[in-house]
Protein chains: 2
Amino acid sequence: MNAKDYLEQLVKVGEKEDELTPKQAKILETAIEIFAEKGYASTSTSEIAKKAGVAEGTIFRHFKTKKELLFSIVSPVITKFAVPFFATHFVNQVFQEKTPDYEQLLRKLIMNRFEFVKNNIPLLKILLQEMAFHPEIQQSFQEVFRREVFPKFDEAVKYYQKNGKLIAYPSGTIIRFTMTTIIGFLITRFIVMPDEGWKDDEEIDRTIHFLMYGLSIEKSKD
Amino acid sequence: MNAKDYLEQLVKVGEKEDELTPKQAKILETAIEIFAEKGYASTSTSEIAKKAGVAEGTIFRHFKTKKELLFSIVSPVITKFAVPFFATHFVNQVFQEKTPDYEQLLRKLIMNRFEFVKNNIPLLKILLQEMAFHPEIQQSFQEVFRREVFPKFDEAVKYYQKNGKLIAYPSGTIIRFTMTTIIGFLITRFIVMPDEGWKDDEEIDRTIHFLMYGLSIEKSKD
DNA sequence: GCTAAAAGTGAGTAACCACTCATTTATGGT
DNA sequence: ACCATAAATGAGTGGTTACTCACTTTTAGC
């Protein structure tokens, strides 16, 4: 099977989420748990079946291959992570010129994605891990980003640059700084050091402030 | 390849083992190549043996288990990545109060680690990937960081804060912003989008400037 | 040039792998 | 109550896995 067939399959399974058999749901649930913990490659279908309380054959009744099981887990995460990046009511205001402030846009963005990551850690661990070895996932992610996230982000950045609120870097660079800072914060917060007694509100404030004003002492703020 | 560079370094420093037999070296070199490409778990020892032009038994003569092979690849990388973070001649000047400038410290840091990453991509890919599933690697990395990197970094940050050059965040937060920005840049540059025609000098300059002054328009620079 | 240790070999092994299929069980419309 | 269809099963399949071991070859000191 080639990459395109897999991608089609990805979308299909992602769409019909409500029509799941109880056993099917249990299989997905268990697979997510074990994949996140041990990785896709070193998880066996027999282990999933055993822990899900299901016969091994049942897995292959619903998912043609082990790889298809992985993709039906990962594929919905991609869209659910990327699409709402700019789907809030708030962001639309930006493009009606009612919110001339990159800082407030950032705040909405971070708060929004913070909650999402918080509620989907195992899924995001799997996505992060398996993207490296499955070109189909990489491709799907890249497509979704290019289509759903980048254009709006780009538009917003250019708007704020025009209004003299943002530095005149290439907008790709600004997007990169913004995203690596946010993602870096979220990965540190939820994956690298989840047990360090974080004061989330303070750290979010500092992250926003860092993005806007950097690490040098403040001479330009009121 | 980069694998060879790594092996040369290993021999030069002469960590634990005096010298490697040619076959042993070829095994390591080949394992690095395949691990980086397909991941540890989905690489078989027979595949390594075949590609290295060696009998499978030879692998297990030198490395007790497949896991030991992984560790003898990964553990030198940890120290090689972390230790020279503050081992340059330049950094010592900082602590003799001859260089009162976080910006210059950043530049040295980034240039230094930029070259290292550039020359060790497969090794760092393996480290990044396998850290997630091998607590031994995580622990080793954490120890090295806490012992070799953090204390000096912390001292430097506090020194510059005292001199009024750096914002009064907790130094852990400043270190986190600095590192996620640098690592985020390096990952984007060498792993996520290595083929985008980067102007490295410019991007390094912007990265440093972003760290210091953020994304808002410049009011405070000379 | 002898010899003992070290390096290298590859067929063999038990466990495990993803996946199949003939068969049994559950479901829902009439 | 009947039956067509879908869901679920688990023993079985051929292939692969990490690792072993009896054996051969190479190396190095005298």
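The chains referred to below are lettered A, B, ... by the order of the sequence lines, with proteins before strands, and numbering in each begins at 1.
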Inset, instruction - Check DNA chain C against residues 22-37 of chain A and give the residues with a non-hydrogen atom under 4.0 Å, in numerical order. - result: none
Just the rounded figure in Å: distance from [atom2] of [N] to [atom1] of [X].
{"X": "A:K50", "N": "C:dC16", "atom1": "NZ", "atom2": "P", "value": "10 Å"}
{"X": "B:R61", "N": "C:dA5", "atom1": "CZ", "atom2": "C1'", "value": "11 Å"}
{"X": "A:I59", "N": "C:dC17", "atom1": "CD1", "atom2": "C1'", "value": "13 Å"}
{"X": "A:L70", "N": "C:dA18", "atom1": "CG", "atom2": "P", "value": "13 Å"}

Between the protein and nucleotides 15-19 of chain D, which nitrogen or oxygen pairs come in under 3.5 angstrom?
unit_1: D:dA18; atom_1: OP1; unit_2: B:T43; atom_2: O; d: 3.2
unit_1: D:dA18; atom_1: OP1; unit_2: B:K66; atom_2: NZ; d: 3.0
unit_1: D:dA18; atom_1: OP2; unit_2: B:T45; atom_2: N; d: 2.8
unit_1: D:dA18; atom_1: OP2; unit_2: B:T45; atom_2: OG1; d: 3.0
unit_1: D:dC19; atom_1: OP2; unit_2: B:K66; atom_2: N; d: 2.6

Inset, instruction - Please tell me if the side chains of B:L69 and B:I48 come closer than 4.5 Å, counting only heavy atoms from C-beta onward. - result: yes
Legend entry - side-chain hydrogen bond (donor to acceptor under 3.5 Å, both in side chains) contacts in which one or both residues fall within residues 190-201 of chain A, not counting sequence neighbours: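 The answer is A:R189-A:D200.
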Legend entry - For A:K50, salt bridge (Lys or Arg N to Asp or Glu O under 4.0 Å) partners two or more places apart: none
Legend entry - All side-chain contact (heavy atoms from CB on, under 4.5 Å) counterparts of A:F150, not counting sequence neighbours: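 Applying side-chain contact (heavy atoms from CB on, under 4.5 Å) to A:F150 gives A:F145, A:D154, A:I175.
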Legend entry - Atom pair CG (A:L215) and CZ (A:F210), whose distance is rounded to the nearest 0.5 Å: 5.0 Å
Legend entry - B:H62 side-chain N/O to C:dG8 phosphate OP1/OP2 under 4.0 Å: yes
Legend entry - C:dA7 OP1/OP2 closer than 4.0 Å to side-chain N/O of B:T21: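 No, because none of the side-chain N or O atoms of B:T21 sits under 4.0 Å from OP1 or OP2 of C:dA7.
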Legend entry - Over 12 foreign heavy atoms within 6.0 Å of CD, B:E68: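 More than 12 within 6.0 Å, yes.
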Legend entry - Test ring-ring contact (aromatic ring centres under 6.0 Å, His included) applied to B:F63 - qualifying residues, sequence neighbours left out: none
Inset, instruction - Verify the distance criterion only: is there a donor paired with an acceptor across the side chains of A:E56 and A:T45 at less than 3.5 Å? - result: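 Judged by distance alone, the side chains do pair up.
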